[in-house]
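These figures come from a predicted structure and were not determined experimentally.
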Amino acid sequence: MNTDITASVKPENPEVDRNLPFTKTVANFNTLDYLRLFTITGVSVIVGYLSGIKPNIRGPSMVTGGLIGLTGGFMYAYQNSAGCLMGFFPNDAEVARYKN
């Protein structure tokens, strides 16, 4: 049984690499990926702080919100980076960088 979801969908853009190592995907993060990661993290810290005001647990609530936001932001940036390298998102810069 083939469990690879990308096997059934053909990418619309040229592929750079179909089987991505973790390090290559993270190294491919662009400025917008980092901006999204830190924005999601920052908003989550604020939401965590505000949700901890009433029960008076602002610190732990803020830290927990920040960790959840950091994890979610990293996953979102990783998904965008991997999608560009596999050809599912527009990837002109990646093709120019990795194709000789």
- Query: Taking only residues two or more places apart in sequence or in another chain, which ones pass side chain to side chain donor-acceptor pair (under 3.5 Å) with T71?
  - Reply: none
- Return the set of residues passing ring pair (Phe, Tyr, Trp, His ring centres under 6.0 Å) with F29 (not counting sequence neighbours), or none when no residue passes. Y34, F74
- For S51 and P55, work out which heavy atoms get closest and say how close. O-CD, 3.8 Å
- Message: Measuring from atom CG of N28 to atom OG1 of T23, what distance do you get when rounded to the nearest 0.5 angstrom?
- Response: 11.5 Å
- Side-chain heavy-atom pair R36, N80 within 4.5 angstrom cut-off: yes
- Query: When hydrophobic residues are tied together by side-chain contacts of less than 4.5 Å, even through go-betweens, does I53 share a cluster with V63?
  - Reply: no
- Rounded to the nearest 0.5 Å, what's the gap from OH on Y98 to CG on D17? Could you check? 9.5 Å
- Qualifying side chain to side chain donor-acceptor pair (under 3.5 Å) pairs, either residue in residues 40-49, two or more places apart: none
- Message: Which heavy atom of P11 sits nearest to which heavy atom of G87, and what is that distance?
- Response: CB-O, 3.3 Å
- Side-chain donor or acceptor of T64 paired with backbone N/O of P60 under 3.5 Å: yes
- Message: As an exercise, state the distance from CD of Q79 to CZ of F89, rounded to the nearest 0.5 Å.
- Response: 5.5 Å
- Message: Contact between V26 and Y78 at the side-chain level, heavy atoms closer than 4.5 Å - yes or no?
- Response: yes
- Item | Any donor-acceptor N/O pair, N91 side chain to P14 backbone, under 3.5 Å | yes
- Item | F88 reachable from V95 in the ILVMFWY side-chain graph, under 4.5 Å edges | yes
- Query: Atom CD of E94 and atom CE of M86: how far apart are they, to the nearest 0.5 Å?
  - Reply: 12.0 Å
- Query: Would a 4.5 Å heavy-atom cut-off, applied to side chains only, mark R97 and V16 as touching?
  - Reply: no
- Query: Just how far is it from atom CD of E15 to atom CG of L85, taken to the nearest 0.5 Å?
  - Reply: 10.5 Å
- Query: Does some side-chain heavy atom of I46 sit less than 4.5 Å from a side-chain heavy atom of L50?
  - Reply: yes
- Task: Could you grab the distance from atom CE of M75 to atom CG of L37, nearest 0.5 Å is fine?
- Result: 11.5 Å
- Exercise: identify the closest heavy-atom pair between C84 and P90: SG-O, 3.5 Å
